[in-house]
Amino acid sequence: MRSLWNNRTARPYLLLVIMIAVFSALGGDTVLTVATLRSVLQHFATLGPVALGLGLTILARNFDLSVAGVVGLAGCVAVLAGGTYPVVGVLAAVAIGAIFGIVQGTIIVRMNLSSIGVTLGGLLTATGLAYVATGNQEIRLANANIPPIMDDPLIGPMSLRFLVTLAMFAVAAIAVARTRAGRDLLAAGSDPKAALVAGVPVNRVIIIAFMLAGICTALGGALLSFSLAAASPLPLSNTLVPAAAAAIIGGVSLRGGRGNPLGIAGGVLVLSALQSCLTALRVEPFVQDIVTGGVLFLVGIMDGAELRRRLNDVYRRAGRGAFRRGAPSA
Amino acid sequence: MPNAISLSRSSTGTPTQRRFEPTQYARIAIVLALAAFALTTPGFLTEASLRSLLSAMSFVGCVAVGMTFITISGNIMSFSLGASLAASTIVFVATLPLGTWTSFTITLLFGAALNALQGWVIGYLRANPIIVSMAAFSLIIGIMSVITDGNGLYIMGTEAVIFKRNMGPVPGPLIAFLACAVVGQLILSFTNIGRTIMLSGSNPSALLAAGVEPWRSTTWAYSFAGMFTSVAAVLIASRYGSGDLLHGAGFEYSAISAVLVGGTMIQGGHGSVVRTVLGMLIIAILQAILVLRGFSTQYQHLTLGVVVLIVIVLQWKRSR
């Protein structure tokens, strides 16, 4: 059990099993239904792409805030451009996402700027573009046939939207675990200088990570707006917090280089299952905020660079009574 | 301001006593050019447009003053200031029956404590400020929704009237904003706490060597941020007559935009509240011009994003 818990990739799945056990004990038959499973998969398809994109940039020791803006912009672009040919809409959205990623990645790498600052600008710009593109109102998809194609069960309880998301995760997981590019990504994230010395094209890897983040996010946003048959420029919607929470619960280290897409998928599943089970139990939606926030807070604390030292201090003080510590060593 | 700047400079090894660098001249030139452009825009000088511009700016401005402390202390930004504002409006309205100034004080202390807790976690355990503030955002909104059951509170009495009052032609919120800015700048430049906040952003190991634990200044920076955010909460709750979790949504993004446009470095250790006020002015004037020249509101969003992006890219030159 303990070794399973220490495995970063297995941790979210263990959490998932524990959660399902708790919820089935609480709700029994009202929770463990096909409807809940379908709702979990649909939530997975909505949150997954954003979490995957954000997670890839965290793996490369960066942080792409702009995913929250790109997901909305891509949805608007897909609906605007995909009125007659949905494929055109998806392609346009993905192209926009890729351009956003490449431009931001290039600025970050070439000018040696902090990714948070640049992607904050990207987030605001993407949101602004969405407002301008839609004229500040909700736009509806003309073709009413599309939402059922996206959301109707295709294989078992799985919809097309879920299958696409699953494919994205599968490709990303194989690429990170089995290819040179994946190892380069992890190397660039864990120690950029050493990676550079070892011959990894760190700059290119980071730009590509941002491009992939843009593509994943945009694809997810496009499919989401097709499934809703509408898109509107949500003012800096709250996708960012769950996406970050999913990536971090999924075992991605904030210091880069540790974690993988399989773990991120687990993190997304945990949050999706939480949301669906709470809905099935008819618990108020705020509880979800509290649980997500609480878990993220805990993980943030556990990831704290000085947690161990501070805990040691506490033990030492408790051990030696009124032990006074001098200036701490850094 | 000169004091604070020279402190951060000397810590990086290049002591300069110059008050203005070329970039600062450039910034002043931009403000003047914008002002000239604004004055030639028909309708800009009418009292109604000026007043609405200044009032709208003041609410976000108070939050931006708070955000300045967080950015300067080296913690980039807080994602929870909007949520903190929303929670503070509810605390303000709920405690209003205790009396105007009691309630005002409680609200300020509440905001300060709420953010000091985050600052403590971030500073003491060296936790990631982005993750902690995002988590705090979710927690604050979630917990306050449970407490209020998702409903807003409304101001019944007349206790909050004083916060709605205007001083003749000058809007009340503007006075509060400028007061916040003055207090904030005084704290940053002339108190020990302010200087250690500055130093913790530019060189935390120097701070440690000087015998100050960096987590103390981080906690202080966050509690000041919460305090100034709560001032905005009091103003908003009084103006709209309600405490509601919908107040302040997205304010953290506008606030950090003002901080960055003003020229405070995102890496921390370098900047001032005065710059944030300038940044707020630039953004507000720009948006007012856009509206008065007939662009619809969606262009405000786009301009803000592009301006922030440009400003961040321009920081590249100064950071080397």
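Keep in mind that the numbers below use all heavy atoms, side chains included, and drop hydrogens, waters and symmetry copies.
Interface remark: A:Leu65 contributes side-chain atoms only to the contact with chain B (heavy atom separation under 4.5 Å). Only the side chain of B:Ile130 comes within contact range of chain A, judged by heavy atoms closer than 4.5 Å. Contacts of A:Leu311 with chain B are absent, with no heavy-atom separation under 4.5 Å from either backbone or side chain. Residue B:Ile140 does not touch chain A at all, counting heavy-atom pairs closer than 4.5 Å. Neither the backbone nor the side chain of B:Ser205 comes within contact range of chain A; no heavy atom of the residue lies under 4.5 Å from a heavy atom of that chain. Of the atoms belonging to B:Ile143, heavy atoms from both backbone and side chain fall under 4.5 Å from chain A. Of the atoms belonging to B:Ser145, heavy atoms from both backbone and side chain fall under 4.5 Å from chain A. For A:Ile107, the part sitting under 4.5 Å from any heavy atom of chain B is the side chain, from C-beta outward, and nothing else. Using a 4.5 Å cut-off between heavy atoms, A:Ala244 contacts chain B through its side chain alone, with no backbone atom that close. Using a 4.5 Å cut-off between heavy atoms, B:Tyr299 contacts chain A through both its backbone and its side chain. Of the two parts of B:Val132, the backbone and the side chain both hold a non-hydrogen atom closer than 4.5 Å to a non-hydrogen atom of chain A. Heavy atoms of B:Ile310 lying under 4.5 Å from chain A are absent altogether.
Note: B:Thr303 OG1 to A:Leu124 CG = 11.5 Å, rounded to the nearest 0.5 Å. Of the inter-residue distances, the one linking B:Asn128 atom CG with A:Arg255 atom CZ reads 9.0 Å to the nearest 0.5 angstrom. Atoms CD1 and CD, from B:Ile312 and A:Gln104 in turn, are 10.5 Å apart once rounded to the nearest 0.5 Å. B:Ile147 contributes atom CD1, which lies 11.5 Å from atom CZ of A:Phe286 (distance to the nearest 0.5 angstrom).
Pairing each heavy atom of A:Gly293 with each of B:Ala135, the nearest pair is O-CB, 3.4 Å. Nearest heavy-atom pair, B:Ala127 versus A:Gly300, reported as atom, atom and distance to 0.1 Å: CB-O, 3.5 Å. Pairing each heavy atom of A:Met111 with each of B:Val313, the nearest pair is SD-CG1, 3.5 Å. B:Ser138 and A:Val241 get closest at one heavy-atom pair: OG-CG1, 3.4 Å.
Looking at heavy atoms from C-beta onward, A:Leu120 lies in side-chain contact with B:Met77 at the 4.5 angstrom threshold. Annotation: side chain of A:Arg310 is in contact with side chain of B:Tyr124 (closest heavy-atom distance under 4.5 Å). Within the 4.5 Å cutoff, the side chain of A:Ile290 has heavy atoms near those of the B:Val146 side chain. A:Phe297 places none of its side-chain heavy atoms less than 4.5 Å from the side chain of B:Met134. Within the 4.5 Å cutoff, no side-chain heavy atoms of B:Ile131 are placed close to those of A:Val299. You'll find the side chain of A:Tyr131 stays beyond 4.5 Å of the side chain of B:Leu302, heavy atoms only.
Interface summary for chain B: among A:Ala245, A:Gly135, A:Ala126, the most heavy-atom pairs under 4.5 angstrom belong to A:Gly135. Note: B:Leu125 leads B:Leu125, B:Val121, B:Leu260 in heavy-atom pairs under 4.5 Å with chain A. The residue among A:Asp303, A:Ile248, A:Thr125 with the most heavy atom pairs within less than 4.5 Å of chain B is A:Thr125. Ranked by heavy-atom pairs shorter than 4.5 Å toward chain B, the options A:Gly294, A:Gly122, A:Ser114 are led by A:Gly294.
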### Task
Show the numbers, then the answer: is there a side chain to side chain contact (heavy atoms under 4.5 Å, CB included) between A:Leu240 and B:Phe79?
CA-CA 10 Å; A:Leu240 200 56; B:Phe79 285 87; 4.0 Å; yes
### Message
Working note: A:Leu123 + B:Tyr253, criterion side chain to side chain contact (heavy atoms under 4.5 Å, CB included); need CA distance, chi angles, decisive distance, verdict.
### Response
CA-CA 10 Å; A:Leu123 168 65; B:Tyr253 297 99; 3.3 Å; yes
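A donor-acceptor pair is defined here as one N or O able to donate and one able to accept, closer than 3.5 Å; no such pair exists between the side chain of B:Arg126 and the backbone of A:Leu307.
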